[in-house]
Every structure is written in structure tokens, then in C-alpha cells.
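In what follows, a single structure is set out as C-alpha cells and then discussed.
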Amino acid sequence: MNDSQLLRYSRHILLDALGVEGQQRILNGRVLIVGAGGLGSPAALYLTAAGVGQITLADDDTVDLTNLQRQILHRDSRIGVNKALSGQIALAEINPEVRVVPLAERLDAARLAELAAEADLVLDCTDNFATRHAINRACVAQKKPLVSGAAIRFDGQVSVYALHQKNAPCYHCLFPEAAEVEETRCATLGVFAPLTGIIGSMQATEALKLLAGIGETLNGRLLLIDSLDMQWRSVRFKRDPDCAVCSAGPAA
């Protein structure tokens with residue numbers, strides 16, 4: 001690190017658990033964020049501020065007026081602009097040292113596998129089960145840790161799937177893929193604006209811990225919040241030995 005970086009990241013370096021070595025690992029880190037909306041916005045902002053070396057930000061959607069209530073990466077002046085490109089503009093203003101790669105595309109299975117292989121970890125900041133399961137399969141195949149969050153109405157959840165570790169559960173272990181699952185989206189049910197900030201910030205927290213190699217992550221725990229009553233619950237779960245994704249794949 002040069003003198004400017006030592007100053008910029010000094011409050012991290014002062015932390016005994018993190019220090020120069022941990023901050024350097026963050027600077028060397030490569031993160032894939034799928035989704036530049038309510039969750040991806042705060043996650044990307046904090047990861048950029050913390051100095052993650054490269055952030056690949058993928059989203060094929062464009063900024064809409066209804067997004068601005070919670071998607072804090074974007075601005076009124078960028079309505080109609082692709083969210084990944086809008087995010088790149090915002091993140092460059094936070095920390096120009098971070099390389100932000102915007103992908104204005106919907107990622108299919110092959111592309112997800114390719115991008116997961118290039119990253120140190122993946123953040124799932126999407127809002128539908130099909131994409132979540134596709135991201136999970138890519139992370140299982142590439143043995144890359146996955147930080148997953150969700151927020152709807154006043155309820156949020158976050159967990160870590162440490163797929164780089166042997167016998168770690170995957171997303172499918174906890175939420176098996178099924179055709180009868182009913183999709184719930186904020187476009188129809190609404191979402192409390194600060195809730196997305198809470199969950200996205202927690203995703204950034206878990207990602208930085210993974211990159212720096214510090215602390216205990218949420219691997220094997222699902223953290224749930226009811227923000228209306230401000231109640232937290234922690235649910236433990238294990239790998240499903242019959243999981244169709246991780247028990248039969250490379251993580252087995």
C-alpha cells in the first residue's frame with residue numbers, strides 16, 4: 001500500500017483483527033455482485049469504500065423512478081440508464097482506485113460459471129428464485145463462497161454458503177428448487193427502504209470478512225429480521241446429504 005492508501009484505509013488498519021495484512025487481502029480481492037438494486041446498492045458501496053480490488057457488477061435492468069426509494073446507487077438523473085453502468089458511475093465517485101466492471105446483461109448458467117471462476121466470492125443480490133439457484137449452482141461448481149440476501153415487505157434474511165469448504169451447505173440445501181414455490185417480489189408486495197440497506201450492508205460485512213480471512217461468517221446460519229418489530233432470529237442448518245446440487249457435484 002502507498003501512503004494514500006494507508007491513510008484512506010487507516011480505520012481498518014487500526015483494527016487488530018484486520019490490520020495491514022487483512023486490508024491488503026481486501027485490496028487484492030475480486031467480487032462478483034449479481035444485481036445492482038436494493039441489496040446490491042449498499043453492498044457495492046461498502047465494498048468499494050473498503051477498497052475491494054475489482055467488483056464485477058451485473059444487472060441487465062435500467063433505472064426506474066420506482067427504484068429510487070431504496071436503490072441508493074442510482075440518481076434521478078440516471079433514470080433509463082442501465083443499472084450496472086449507473087452503479088459504475090456512483091462507485092467511481094466513492095473510490096476511483098477500485099476497478100468496477102459493469103455487465104449490462106442477464107447471466108446464463110455458462111456465463112455465471114465463467115464469472116464465478118474469476119471471482120474470490122459472489123454476492124447474490126437478486127430477487128427471484130430461478131436466478132438464485134443458477135448462482136448457487138455456479139458457486140458450487142466453482143467452489144466459491146456465496147453471500148446471499150433477500151428483502152421483502154419488512155422481512156429480510158442473509159446467509160453465507162462457504163462452498164470453498166468441505167461439507168458446507170449450499171442454497172439448495174436450505175431452499176430446495178421446486179416449481180410450486182410462489183415468487184414474492186417487491187414490485188407487487190412492496191419493501192421497506194432501509195431494510196434493503198440493512199441486508200445489503202450485512203452482505204458487505206460477510207464478504208469483507210471472507211476476503212480478509214477474519215471472524216466467523218454466517219456459514220450454516222440463516223439470519224432473519226422483522227424490521228417492523230425489529231426482531232432478529234438465527235436459524236442453524238446443515239448440508240443436505242441428498243442435495244441434488246452440492247451432494248452430487250464438485251463440492252461433495
Compare all side-chain heavy atoms of [X] with those of [Y] and state whether any distance is below 4.5 angstrom.
{"X": "R99", "Y": "I55", "result": "no"}
{"X": "R233", "Y": "V235", "result": "yes"}
{"X": "V31", "Y": "L123", "result": "yes"}
{"X": "L39", "Y": "Q203", "result": "yes"}
{"X": "D155", "Y": "I225", "result": "no"}

In terms of the angle between their ring planes, are [X] and [Y] parallel, tilted or perpendicular, with boundaries placed at 30° and 60°?
{"X": "F192", "Y": "F154", "answer": "tilted"}
{"X": "Y161", "Y": "Y171", "answer": "perpendicular"}
{"X": "H133", "Y": "H172", "answer": "perpendicular"}

Which atom names give the shortest non-hydrogen contact between [X] and [Y], and what distance separates them?
{"X": "A116", "Y": "Q142", "answer": "CB-CG, 4.1 Å"}
{"X": "L47", "Y": "A207", "answer": "CD2-CB, 4.0 Å"}
{"X": "P169", "Y": "G220", "answer": "CG-CA, 4.3 Å"}

Self-check item: Electrostatic pair R137:E177 at N-O distance under 4.0 angstrom
Solution: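 Salt bridge: yes.
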Quiz item: In terms of side-chain heavy atoms, does K83 have a donor or acceptor partner in Q71 at a distance below 3.5 Å?
Solution: yes
Quiz item: Without hydrogens or angle criteria, can the side chains of Q54 and R30 be said to hold a donor-acceptor pair below 3.5 Å?
Solution: no
Does [Y] offer a backbone N or O that forms a donor-acceptor pair with the side chain of [X] under 3.5 Å?
{"X": "D229", "Y": "Q231", "answer": "no"}
{"X": "T48", "Y": "A44", "answer": "yes"}
{"X": "H74", "Y": "A36", "answer": "yes"}

Practice problem: Any chance you could lay out the side chain to side chain contact (heavy atoms under 4.5 Å, CB included) test for E114 and R111, step after step, and finish with the verdict? | Solution: CA-CA 5 Å; E114 175 189 348; R111 190 76 167 114; 3.2 Å; yes
Quiz prompt | Selection residues 215-227 - residue pairs positive for side chain to side chain donor-acceptor pair (under 3.5 Å), sequence neighbours left out | solution =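 Found none.
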